[in-house]
Peer 1: 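Let me give you the structure first, and then I'll get to my questions.
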Amino acid sequence: MVVDDKDKKSNQSETPSPDQLRSPVRPPRPRTTEDSVEIPQVKPDTAPAAASSPADNPQAVLEGIRQKMERIATEFSNGKLNRAQFNAIYARYSEQRTIVERLLERNPQNEAWKQAAAPGHTSFLRDHFEARLLFYLVFQHNMPTPLVMGGKQQPDMTKISHVLRQLWESKKRPPVGVARKNMGGEQWLVLALGEHALTLVMYMLEPSLMQIHLVRDLHADFERANLTALTRGTRSLDRFVFPQRALTEKQL
């Protein structure tokens with residue numbers, strides 16, 4: 001059977017191509033749980049209010065001042081402050097507390113109390129009223145001249161000799177110990193006594209207990225380190241070491 005070319009073309013045109021079977025607009029694929037969905041971030045209209053600072057709370061400030069007063073009392077009890085330091089710093093905190101309380105009583109809405117409660121001055125008071133070394137001397141017992149001396153000020157040997165004479169002539173002199181004495185003119189003498197020697201330290205203003213204990217410990221180390229030379233009565237300085245020199249080095 002012979003097929004005419006026209007029939008072939010007719011049959012070919014009647015058979016749809018794959019492209020003709022495809023929809024001109026592909027429908028969207030349904031969403032699954034694996035699809036990522038972007039969630040829009042919603043910003044709040046206003047930021048949360050900042051927490052109030054303790055410095056803005058007058059009662060918290062007053063309590064803080066009270067705690068500082070307690071710490072100063074503890075420092076004095078532990079020997080870290082002398083009387084002048086304690087009195088000056090404690091009076092400063094007490095004044096602060098009184099002013100803040102009175103300002104709040106007059107007008108609680110007025111923030112003038114913040115200026116009165118501002119920190120400051122206590123570091124200056126602590127430093128200003130600290131006892132400062134004037135000089136130190138180290139004597140062997142019953143010797144009129146010292147083994148060594150140091151410090152920024154020359155000692156008044158008349159006063160020192162008087163103290164030594166009273167000490168060596170005393171029948172109640174303990175073998176070891178430490179003492180302090182008000183010498184007038186805001187000068188205080190600390191005396192550390194050992195079995196073979198003694199250390200005299202002069203301070204401007206009354207020393208704290210910690211300073212007194214330091215002198216005691218330095219002299220004890222002096223006798224411990226130089227026991228052989230002290231026992232023999234040696235006077236040659238090259239045979240000695242002097243822990244007392246730490247008193248001047250501490251002030252540099």
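Please read these numbers as outputs of a predicted model, since none were measured by experiment. Heavy-atom basis, side chains included; hydrogens, waters and symmetry copies ignored.
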Peer 1: Is Leu237 linked to Leu247 within one hydrophobic cluster, defined over Ile, Leu, Val, Met, Phe, Trp and Tyr using a side-chain heavy-atom separation of less than 4.5 Å?
Peer 2: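 Same cluster: Leu237 reaches Leu247 through Ile, Leu, Val, Met, Phe, Trp or Tyr contacts under 4.5 Å.
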Peer 1: A quick test of your reading: do over 12 heavy atoms of other residues, nucleotides or ligands sit less than 6.0 Å from CZ of Arg239?
Peer 2: no
Peer 1: Minimum heavy-atom separation for Leu205 to His128, with atom names?
Peer 2: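 Result for this residue pair: CD1-O, 4.0 Å.
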Peer 1: Should Leu198 and Trp188 be regarded as members of a common hydrophobic cluster, given that ILVMFWY residues are connected when their side-chain heavy atoms come within less than 4.5 Å of each other, either directly or indirectly?
Peer 2: no
Peer 1: For Thr231 and Leu227, indicate whether the former's side chain and the latter's backbone hold a donor-acceptor pair under 3.5 Å.
Peer 2: yes
Peer 1: Take Glu101 and Leu62, measure what side-chain contact (heavy atoms from CB on, under 4.5 Å) needs, and give me the verdict at the end.
Peer 2: CA-CA 8 Å; Glu101 289 175 340; Leu62 285 171; 3.8 Å; yes
Peer 1: Just wondering, do Arg132 and Asp127 contact through their side chains at under 4.5 Å, heavy atoms?
Peer 2: yes
Peer 1: Could you check whether atom CZ of Arg235 has more than 12 heavy atoms from other residues, nucleotides or ligands sitting under 6.0 Å from it?
Peer 2: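 Counting neighbours around CZ of Arg235, more than 12 heavy atoms of other residues, nucleotides or ligands fall under 6.0 Å, so yes.
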Peer 1: Taking atom CG of Asn87 and atom CG of Leu125, what is their separation to the nearest 0.5 Å?
Peer 2: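 The distance works out to 11.0 Å.
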Peer 1: If you measure from CD on Gln140 to OG1 on Thr145, what distance do you get to the nearest 0.5 Å?
Peer 2: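 Here the interatomic distance stands at 8.5 Å.
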Peer 1: Exactly one of Leu137, Val138, Ile160 should register a side chain to side chain contact (heavy atoms under 4.5 Å, CB included) with Met149. Which one does?
Peer 2: Leu137
Peer 1: Please check: side-chain N/O of Ser161 versus main-chain N/O of Met157, any donor-acceptor pairing under 3.5 Å?
Peer 2: yes
Peer 1: Does a side-chain heavy-atom distance below 4.5 Å link Gln85 with Lys80?
Peer 2: no
Peer 1: When you group the ILVMFWY residues by side-chain heavy-atom contacts below 4.5 Å and let the links chain together, are Val190 and Leu133 in the same group?
Peer 2: yes
Peer 1: Between Glu130 and Arg126, does any NZ, NE, NH1 or NH2 come within less than 4.0 Å of an OD or OE carboxylate oxygen?
Peer 2: no
Peer 1: Supply the atom-to-atom distance Glu95 CD to Ile65 CD1, rounded to the nearest 0.5 angstrom.
Peer 2: 11.0 Å
Peer 1: Considering residues, nucleotides and ligands other than Glu105, do more than 12 of their heavy atoms fall under 6.0 Å from its CD?
Peer 2: no
Peer 1: What are the two closest heavy atoms between Arg245 and Thr248, and how far apart are they?
Peer 2: O-OG1, 2.9 Å
Peer 1: Determine whether Met204 and Glu186 make a side-chain contact, defined as any pair of heavy atoms from C-beta on separated by less than 4.5 Å.
Peer 2: yes
Peer 1: Side-chain heavy atoms under 4.5 angstrom apart, residues restricted to Ile, Leu, Val, Met, Phe, Trp, Tyr: same cluster for Val201 and Leu147?
Peer 2: yes
Peer 1: Does any non-hydrogen side-chain atom of Val148 lie less than 4.5 Å from one of Phe240?
Peer 2: no
Peer 1: If the test is ring pair (Phe, Tyr, Trp, His ring centres under 6.0 Å), which one of Phe86, Phe129, Tyr90 qualifies with Phe76?
Peer 2: Phe86
Peer 1: Do Thr234 and Asn226 come within less than 4.5 Å of each other through their side chains, counting heavy atoms only?
Peer 2: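 Side-chain contact under 4.5 Å: no.
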Peer 1: Rounded to the nearest 0.5 Å, what separates atom CZ in Arg92 from atom CD1 in Ile72?
Peer 2: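 So the gap between those two atoms works out to 12.5 Å.
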Peer 1: For Asn82 and Ala84, indicate whether the former's side chain and the latter's backbone hold a donor-acceptor pair under 3.5 Å.
Peer 2: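 It does hold such a pair.
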Peer 1: Assess the residue pair Glu75 and Ile89 against the criterion (side-chain contact (heavy atoms from CB on, under 4.5 Å)); give the C-alpha distance rounded to whole Å, side-chain angles, the decisive distance to 0.1 Å, and a yes or no.
Peer 2: CA-CA 11 Å; Glu75 284 190 58; Ile89 298 173; over 6 Å; no
Peer 1: Does NE2 belonging to His162 count more than 12 external heavy atoms closer than 6.0 Å?
Peer 2: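 No - once you tally the heavy atoms of other residues, nucleotides and ligands closer than 6.0 Å, there are 12 at most.
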Peer 1: For a 4.5 angstrom cut-off between non-hydrogen side-chain atoms, does Leu134 reach Tyr203?
Peer 2: no
Peer 1: Once you round to the nearest 0.5 Å, how far does OG1 of Thr122 lie from NZ of Lys68?
Peer 2: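 So the gap between those two atoms works out to 7.0 Å.
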Peer 1: Please round to the nearest 0.5 Å and tell me the distance separating atom CZ of Phe135 and atom NZ of Lys152.
Peer 2: 14.5 Å
Peer 1: When the ring planes of Phe222 and Phe242 are compared, do they come out parallel, tilted or perpendicular, using 30° and 60° as the limits?
Peer 2: parallel
Peer 1: Under 3.5 Å, is there a donor-acceptor pair between the side chain of Ser77 and the main chain of Ala73?
Peer 2: no
Peer 1: After noting the C-alpha distance and the side-chain angles of Met202 and Gln153, does the key distance pass the side-chain contact (heavy atoms from CB on, under 4.5 Å) rule?
Peer 2: CA-CA 9 Å; Met202 189 74 78; Gln153 181 175 308; 6.0 Å; no
Peer 1: Same cluster or not: are Phe124 and Tyr93 linked, directly or through other Ile, Leu, Val, Met, Phe, Trp or Tyr residues, by side-chain heavy atoms under 4.5 angstrom apart?
Peer 2: yes
Peer 1: Does any N or O in the side chain of His141 come within less than 3.5 Å of the main-chain N or O of Trp168, such that one atom is a donor and the other an acceptor?
Peer 2: no
Peer 1: Just so I know, are the side chains of Leu218 and Thr199 near enough to count as touching, which here means a heavy-atom distance under 4.5 Å?
Peer 2: no
Peer 1: Can you check whether Ala131's main-chain N or O pairs, donor with acceptor, with Gln211's side chain at less than 3.5 Å?
Peer 2: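 Pair found, side chain donor or acceptor close to backbone of Ala131.
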Peer 1: Find out whether Leu193 and Leu167 are in side-chain contact, i.e. whether some heavy atom of one side chain is under 4.5 Å from a heavy atom of the other.
Peer 2: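 Result yes, sub-4.5 Å side-chain heavy-atom pair found.
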Peer 1: Backbone N or O of Ala197 within a donor-acceptor pair of the Glu223 side chain at under 3.5 Å?
Peer 2: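 Flag set: sc Glu223 to bb Ala197 pair under 3.5 Å.
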Peer 1: What closest approach, in Å, do Asn182 and Gly184 show between heavy atoms, and which atom pair accounts for it?
Peer 2: OD1-N, 2.9 Å
